[in-house]
S.K.: 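Quick one: the structure is below, questions incoming.
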Amino acid sequence: MKIATFNINGIKARIEALPVWLAEARPDVALLQEIKSVDEAFPREIFEDMGFAVETHGQKGFNGVAILSRLPLEDVSRGLPGDATDEQARWIEATVLGRRAVRVAGLYLPNGNPAPGPKFDYKLAWMARMRARAADLLAAELPLVLAGDYNIIPQPEDAARPDAWVGDALFLPESRAAFRRIMNLGFTDAIRARHPEPGLYSFWDYQAGAWDRNNGIRIDHLLLSPQAADLLADCGIDQDVRGRDKPSDHVPVWVELDA
DNA sequence: ATGGTTGGGTTCCAA
């Protein structure tokens with residue numbers, strides 16, 4: 001089972017590039033972030049015609065997550081528990097029925113800038129809620145993948161220029177500690193485990209020629225429960241996608257599980 | 001050196 005995460009930065013803007021990548025990469029499951037669309041406006045037929053089941057959790061203008069799956073889905077749930085007043089669409093879960101059942105969550109973690117401030121407070125509160133949900137899901141002791149745009153640079157080697165990110169919400173000590181508190185529940189960062197070599201990034205800003213200078217950061221992650229890590233066969237980052245026409249500022253990151 | 005670019009909305013915000 002190949003599971004990919006991809007922040008597409010707008011489904012309307014990626015309506016040509018996304019099907020091209022799906023056809024060549026052939027993920028069984030694609031977890032999308034920043035669809036920037038309400039559910040009713042998501043062009044689901046394009047993906048259904050390619051053989052995908054489509055589940056969206058959208059909102060107007062910003063945020064929004066979705067799951068595309070060639071395998072059957074069940075028990076789909078939308079929204080991160082823990083705050084009934086939170087209206088931002090950043091979390092979706094489903095169980096994927098492959099040779100083994102795998103629970104997946106697609107997430108778009110708040111950016112948090114500027115820090116300090118209310119947006120940073122929201123980021124940290126959201127991460128505390130995510131940790132609680134992750135702990136609940138781990139208790140099932142089944143294969144579980146939490147994948148998406150974490151808006152977290154976990155370590156200095158995950159940035160080409162870590163000095164440029166000092167003071168940014170993606171790299172502040174509080175943000176990285178909150179990420180470690182989730183990791184320390186027992187997750188494996190798939191890319192860190194299999195590809196510890198430096199220079200593997202998943203995001204390059206549109207500005208200042210970041211892609212041409214390889215001034216990137218690794219902020220899109222797939223976290224595996226122990227039961228999912230047991231099944232890890234391969235993983236990678238499709239960096240070449242960033243160099244194509246009309247790219248997102250993120251690229252797909254994926255794992256292959258024996259499931 | 002605090003630049004510049006994209007997307008989705010609307011005359012600006014988020015990233």
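These values consider heavy atoms only, across backbone and side chains, with no hydrogens, waters or symmetry-generated copies. Here is the naming used below: chain letters follow the sequence lines, and residue numbers restart at 1 for every chain. These numbers were taken from a predicted model, which means no experiment stands behind them.
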S.K.: On DNA chain B, nearest-nucleotide positions of A:N113 versus A:K246: which is more 5'?
M.R.: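 Result: A:K246.
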S.K.: Where the side chain of A:F62 is defined as all heavy atoms beyond and including C-beta, which of B:dG9, B:dA15, B:dG7 is the nearest nucleotide?
M.R.: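 Looking only at side-chain atoms, A:F62 lies closest to B:dG7.
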S.K.: Figure out the CG/P separation between A:D249 and B:dG4, and round it to whole Å.
M.R.: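 It works out to 18 Å between those atoms.
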S.K.: Would you say CG of A:D163 has more than 12 non-hydrogen atoms from neighbouring residues, nucleotides or ligands within 6.0 angstrom?
M.R.: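 Enclosed: over 12 neighbouring heavy atoms sit under 6.0 Å from CG of A:D163.
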S.K.: In whole angstrom, give me the gap between the P atoms of B:dA14 and B:dT10.
M.R.: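 B:dA14 and B:dT10 have their P atoms separated by 13 Å.
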S.K.: Counting only side-chain N and O atoms of A:K36, is one of them less than 4.0 Å from OP1 or OP2 of B:dT6?
M.R.: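 Looking at the OP1 and OP2 atoms of B:dT6, neither is under 4.0 Å from any side-chain N or O of A:K36.
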S.K.: When you check the side-chain N and O atoms of A:Y206 and A:N9, is any donor under 3.5 Å from an acceptor?
M.R.: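 Yes - a donor-acceptor pair under 3.5 Å links their side chains.
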S.K.: How long is the line joining CD1 of A:I153 and P of B:dA15, in whole Å?
M.R.: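 Checked: the CD1 to P distance equals 15 Å.
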S.K.: Identify, between A:A208 and A:G61, the residue whose nearest nucleotide on DNA chain B lies closer to the 5' end.
M.R.: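 Going by which nucleotide is closer to the 5' end, it is A:A208.
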S.K.: Do any side-chain nitrogens or oxygens of A:R14 fall under 4.0 Å of OP1 or OP2 in B:dG7?
M.R.: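 It does, given that an N or O in the side chain of A:R14 lies less than 4.0 Å from OP1 or OP2 of B:dG7.
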S.K.: More than 12 heavy atoms of other residues, nucleotides or ligands under 6.0 Å from CZ of A:R100: is that the case?
M.R.: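 Atom CZ in A:R100 is not packed in, count stays at 12 or less.
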S.K.: From OH of A:Y206 over to C1' of B:dA14, roughly how many Å is that when rounded to an integer?
M.R.: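 Going from OH in A:Y206 over to C1' in B:dA14 covers 13 Å.
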S.K.: Quick one: A:E34 CD to B:dT5 P, roughly how many Å, whole number?
M.R.: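 These atoms are roughly 19 Å apart.
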S.K.: When the ring centroid of A:Y108 is compared with that of A:Y150, is the distance short of 6.0 Å?
M.R.: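 No, ring centres 6.0 Å or more apart.
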S.K.: How many Å lie between NE2 on A:H250 and C1' on B:dG7, as a whole number?
M.R.: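 Nearest whole value for this atom pair: 12 Å.
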S.K.: What integer number of Å spans the P atoms of B:dG9 and B:dT5?
M.R.: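 22 Å, rounded to whole Å.
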S.K.: When the distance from CG of A:N9 to P of B:dT5 is rounded to whole Å, what number comes out?
M.R.: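 Going from CG in A:N9 over to P in B:dT5 covers 16 Å.
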S.K.: Between B:dT6 atom C1' and A:D205 atom CG, what is the distance in whole Å?
M.R.: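 In whole Å, B:dT6 C1' lies 9 Å from A:D205 CG.
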S.K.: Using atom C1' of each nucleotide, how far apart are B:dT11 and B:dA1 to the nearest Å?
M.R.: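 Per the computed distance, 30 Å lies between those C1' atoms.
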S.K.: So, is A:K119 near the phosphate of B:dA14, with a side-chain N or O under 4.0 Å from OP1 or OP2?
M.R.: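 Affirmative; the distance criterion is met.
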S.K.: Of all the nucleotides listed (B:dC13, B:dG4, B:dA15), which has the minimum atom distance to the side chain of A:Y108?
M.R.: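 The answer is B:dA15, which lies nearest to the side chain.
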S.K.: Taking atom C1' in both B:dG4 and B:dA15, compute the distance separating them and give it to the nearest angstrom.
M.R.: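 Comparing C1' positions in B:dG4 and B:dA15 gives a spacing of 13 Å.
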S.K.: Reckon A:F203 touches a base, only the sugar-phosphate, or nothing at all at heavy-atom distances under 4.0 Å?
M.R.: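 Here A:F203 touches no strand at all.
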S.K.: How are the rings of A:W21 and A:F6 set to each other: parallel, tilted or perpendicular (split at 30° and 60°)?
M.R.: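 Rings of A:W21 and A:F6: perpendicular, as their planes differ by over 60°.
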S.K.: Please state how far atom CD in A:Q33 lies from atom P in B:dA14, giving the value in whole angstrom units.
M.R.: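 That distance rounds to 20 Å.
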